[in-house]
Amino acid sequence: MIESFKSWWSGHSAAERSLIAVLGLAIAIVFLWLAVWRPVTDGLEAGWARQGAALDRYGSVRAKVAVLKAAPARPVADRGAIEQVVSQTAGEAGFTLDRVGGQGAGRMSVSIASARTGPLLAWLSRIEAAGIAIQSISIVPGQTPGTVAVQAVFQDRAP
């Protein structure tokens with residue numbers, strides 16, 4: 001194979017060989033640009049964009065956590081029964097409690113079939129600020145895109 005290439009190469013004049021070499025170099029440059037350089041730079045740009053979005057979300061979450069930590073908790077004594085607080089705050093937040101069950105004194109379980117994540121987390125933080133602990137919670141993707149289904153058990157922190 002090398003011998004056949006050598007005979008083919010020597011069969012051309014010096015000007016033709018120069019032209020073939022220049023064309024081969026041009027093809028190699030275009031190949032490297034299209035097959036290597038562009039995919040690598042596109043991947044790096046996409047990675048930097050994802051990192052920037054993740055850092056923005058991280059900063060937003062940290063700011064919300066700081067606000068929640070700085071918020072004064074309402075006294076437990078003047079808030080009412082756990083069932084009343086959970087039902088009232090859920091209604092104020094725009095949630096329909098699909099299932100509510102008592103689990104003894106100071107405990108209750110709720111089920112919400114469809115809720116948006118942001119308002120749901122704000123509602124849960126209001127409940128915790130009222131002195132009600134989240135004993136357990138299950139949040140799974142809902143049937144409608146962008147929503148979640150929730151099952152939670154709340155427990156009163158009052159002595």
Side-chain angles (χ1 to χ4, degrees), residues 1-74 85-101 108-155 157:
M1 172 116 159
I2 294 176
E3 289 300 321
S4 64
F5 178 75
K6 285 182 180 180
S7 67
W8 174 82
W9 185 257
S10 63
H12 293 289
S13 68
E16 290 173 334
R17 284 188 284 217
S18 299
L19 181 61
I20 292 171
V22 168
L23 289 176
L25 181 62
I27 289 171
I29 289 172
V30 169
F31 175 78
L32 289 174
W33 179 62
L34 290 175
V36 177
W37 183 259
R38 282 185 53 190
V40 168
T41 56
D42 289 348
L44 287 172
E45 287 174 7
W48 285 113
R50 284 193 312 269
Q51 182 188 17
L55 287 174
D56 289 343
R57 285 191 309 269
Y58 176 71
S60 172
V61 168
R62 284 188 59 117
K64 288 178 183 178
V65 167
V67 167
L68 290 174
K69 284 183 178 180
R74 281 183 26 196
V85 173
V86 170
S87 299
Q88 180 181 357
T89 57
E92 291 171 358
F95 299 121
T96 303
L97 298 178
D98 297 321
R99 187 178 53 88
V100 177
M108 71 178 293
S109 65
V110 298
S111 177
I112 301 173
S114 179
R116 294 240 178 246
T117 307
L120 173 69
L121 296 178
W123 174 63
L124 292 173
S125 68
R126 281 186 63 197
I127 287 176
E128 285 190 321
I132 299 171
I134 301 172
Q135 183 83 27
S136 67
I137 190 164
S138 170
I139 302 174
V140 296
Q143 293 182 357
T144 307
T147 63
V148 293
V150 181
Q151 293 182 348
V153 176
F154 300 110
Q155 183 169 358
R157 282 191 224 159

**Prompt:** Mind checking whether W37 and L32 have side chains closer than 4.5 Å, heavy atoms only?
**Reply:** no
**Asked** About how many Å separate NZ of K64 and NZ of K69, when rounded to the nearest 0.5 Å?
**Response** 15.5 Å
**Fill in**
Taken to the nearest 0.5 Å, the spacing of S125 OG from L68 CG works out to 4.5 Å
**Message:** Show, in sequence, the C-alpha distance, side-chain angles and deciding distance for V30 and I27, and conclude whether the side-chain contact (heavy atoms from CB on, under 4.5 Å) test is met.
**Reply:** CA-CA 5 Å; V30 169; I27 289 171; 5.9 Å; no
**Prompt:** Who are the side chain to side chain contact (heavy atoms under 4.5 Å, CB included) partners of L55, not counting sequence neighbours?
**Reply:** Q51
Less than 3.5 Å apart, which donor and acceptor atoms pair up between the side chains of residues 129-152 and the rest of the protein, not counting sequence neighbours?
{"unit_1": "T147", "atom_1": "OG1", "unit_2": "T144", "atom_2": "O", "d": "2.6"}

**Request:** Only counting residues at least two apart or in another chain, list the ones meeting side chain to side chain contact (heavy atoms under 4.5 Å, CB included) with E3.
**Result:** K6
**Any residue meeting side chain to side chain contact (heavy atoms under 4.5 Å, CB included) with E45, in chain and number order, not counting sequence neighbours** = D42
**Request:** Determine whether P119 and F95 make a side-chain contact, defined as any pair of heavy atoms from C-beta on separated by less than 4.5 Å.
**Result:** yes
**Prompt:** What closest approach, in Å, do P39 and L34 show between heavy atoms, and which atom pair accounts for it?
**Reply:** CD-O, 3.4 Å
**Approximate separation, where rounding is to 0.5 Å, of L124 CG and L120 CG** = 4.5 Å
**Request:** Check S109 against V153 and note the closest heavy-atom contact, atom names and distance.
**Result:** CB-CG2, 4.1 Å
**Request:** Can you sort out the partners of F5 under side chain to side chain contact (heavy atoms under 4.5 Å, CB included), two or more places apart, ordered by chain and number?
**Result:** W8, W9
**Results of side-chain hydrogen bond (donor to acceptor under 3.5 Å, both in side chains) for R62 - residues two or more places apart only** = Y58
**Prompt:** Could you state the interatomic distance from CD1 (I2) to OG (S7), rounded to the nearest 0.5 Å?
**Reply:** 12.0 Å
Contacts table for residues 14-23: side-chain donor-acceptor under 3.5 angstrom, sequence neighbours left out:
{"unit_1": "E16", "atom_1": "OE1", "unit_2": "H12", "atom_2": "ND1", "d": "3.2"}
{"unit_1": "E16", "atom_1": "OE1", "unit_2": "S13", "atom_2": "N", "d": "3.0"}
{"unit_1": "S18", "atom_1": "OG", "unit_2": "A14", "atom_2": "O", "d": "3.0"}

**Request:** Evaluate the side-chain proximity of Q155 to M108: yes if any heavy-atom separation is below 4.5 Å, no if none is.
**Result:** no
**Asked** Taking all non-hydrogen atoms of both residues, which atom of I127 and which atom of V86 are closest, and how far apart?
**Response** CD1-CG2, 4.4 Å
